[in-house]
Participant: 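The structure is given below, and queries will be raised subsequently.
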Amino acid sequence: MDFNSPEFYTIAFVVAMALVALLMGRREHGPASTHIVQLLTEPDEREDNEDTLMMQRVAGGKVHIRREGMALAPDETINLVFTIRDDTCVITEKKGVKRRGAQTIPVRGEVSVKCLRPIKYRIRYESQVNSTWASFVYDAASSEQTAVRLSY
């Protein structure tokens, strides 16, 4: 066998690419689940309203979510849409009831959800209300509070 021939290098390249493909492989994903919950909002009179998200596991296996730094018109609502697949979770914040032209006031919102299992999640939080987002890792098995600042 001639190690300097083009045929040798062609065969070696094909074998190397086959090994890379075998090692990377396709990961099978479980089915996605979607959950929609309404964020319970109340006026926020504080001056330092930063666009933040706080998550913490509480008793009963629930995750408490607190959202600050939003502005809504009276009677407007916000829904959180959870799309969960394996250890990946996308949370999208959408307006439920919309009122056009009304004066907005600063609000904060809270909700407790039971759709997150006690594992580490890669979370992407997208706010369509403020046009902000954040990506972070959240350990739903830990009772420590995770605070994240959303950005443009």
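Fair warning: this is a prediction, and the values are worked out from it, not measured in the lab. Throughout, residue positions are numbered sequentially from 1 according to the sequence presented.
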Participant: About how many Å separate CE of Met55 and CZ of Phe136, when rounded to the nearest 0.5 Å?
Facilitator: 5.5 Å
Participant: Taking it one step at a time, do Phe82 and Val90 satisfy side-chain contact (heavy atoms from CB on, under 4.5 Å)?
Facilitator: CA-CA 6 Å; Phe82 292 77; Val90 177; over 6 Å; no
Participant: Can you sort out the partners of Val20 under side-chain contact (heavy atoms from CB on, under 4.5 Å), two or more places apart, ordered by chain and number?
Facilitator: Met24
Participant: Distance check, rounded to the nearest 0.5 Å: Ser112 atom OG versus Lys62 atom NZ?
Facilitator: 6.0 Å
Participant: Could you tell me whether the side chain of Gln128 reaches within less than 4.5 Å of the side chain of Thr92, counting heavy atoms only?
Facilitator: yes
Participant: Provide the closest heavy-atom pair for Ala141 versus Pro118 in the form atom of the first, atom of the second, distance.
Facilitator: CB-O, 3.6 Å
Participant: Are Val81 and Met70 in one and the same hydrophobic cluster, where Ile, Leu, Val, Met, Phe, Trp and Tyr link if side-chain heavy atoms are under 4.5 Å apart?
Facilitator: no
Participant: Give a yes or no answer on whether the side chain of Asn130 reaches the backbone of Thr132 with a donor-acceptor pair at less than 3.5 Å.
Facilitator: no
Participant: Identify the two heavy atoms, one from Tyr125 and one from Leu53, that lie closest to each other, and give their separation to 0.1 Å.
Facilitator: CD1-CD2, 3.5 Å
Participant: To the nearest 0.5 Å, what is the distance between CD1 (Ile65) and OH (Tyr138)?
Facilitator: 8.0 Å
Participant: Got a sec: does the NZ of Lys120 have more than 12 other heavy atoms crowding it under 6.0 Å?
Facilitator: no
Participant: Hey, can you pull the donor-acceptor pairs under 3.5 Å for the side chains in residues 144-152, sequence neighbours left out?
Facilitator:
none

Participant: To the nearest 0.5 angstrom, please state how far the CG atom of Leu116 sits from the CD1 atom of Ile91.
Facilitator: 6.5 Å
Participant: Just by distance, do the side chain of Arg57 and the backbone of Gly61 share a donor-acceptor pair under 3.5 Å?
Facilitator: yes
Participant: Would you mind reporting whether Ile78 and Leu72 have side-chain heavy atoms less than 4.5 Å apart?
Facilitator: yes
Participant: Do NZ/NE/NH1/NH2 and the carboxylate oxygens of Glu110 and Arg66 come within less than 4.0 Å?
Facilitator: yes
Participant: Show the nearest heavy-atom pair for residues Ala32 and Arg85, with the distance to one decimal.
Facilitator: CB-NH2, 3.7 Å
Participant: Heavy atoms, side chains only, cut-off 4.5 Å: are His35 and Thr83 in contact?
Facilitator: no
Participant: Going by heavy atoms in the side chains, are Met54 and His64 under 4.5 Å from each other?
Facilitator: no
Participant: Between Asn79 (side chain) and Lys94 (backbone), is there a donor-acceptor pair under 3.5 Å?
Facilitator: no
Participant: Taking the side chain as every heavy atom from C-beta outward, state whether Leu80 and Ile36 have any atom pair closer than 4.5 Å.
Facilitator: no
Participant: Nearest heavy-atom pair of Gly60 and Lys114: which atoms, and what distance?
Facilitator: O-NZ, 3.4 Å
Participant: For Ser5, enumerate each residue passing the side-chain contact (heavy atoms from CB on, under 4.5 Å) test, keeping only those at least two apart in sequence or located in another chain.
Facilitator: Asp2, Glu7, Phe8
Participant: Rounded to the nearest 0.5 Å, what separation is found between the CH2 atom of Trp133 and the CD atom of Glu126?
Facilitator: 9.0 Å
Participant: Do NZ/NE/NH1/NH2 and the carboxylate oxygens of Arg67 and Asp51 come within less than 4.0 Å?
Facilitator: yes
Participant: Any chance you could measure Arg122, atom CZ, to Asp86, atom CG, to the nearest 0.5 Å?
Facilitator: 9.0 Å
Participant: Tell me the closest heavy-atom pair linking Ala71 and Val129, and the distance in Å.
Facilitator: O-CG1, 4.5 Å
Participant: Any side-chain heavy atom of Cys115 within less than 4.5 Å of one from Ile84?
Facilitator: yes
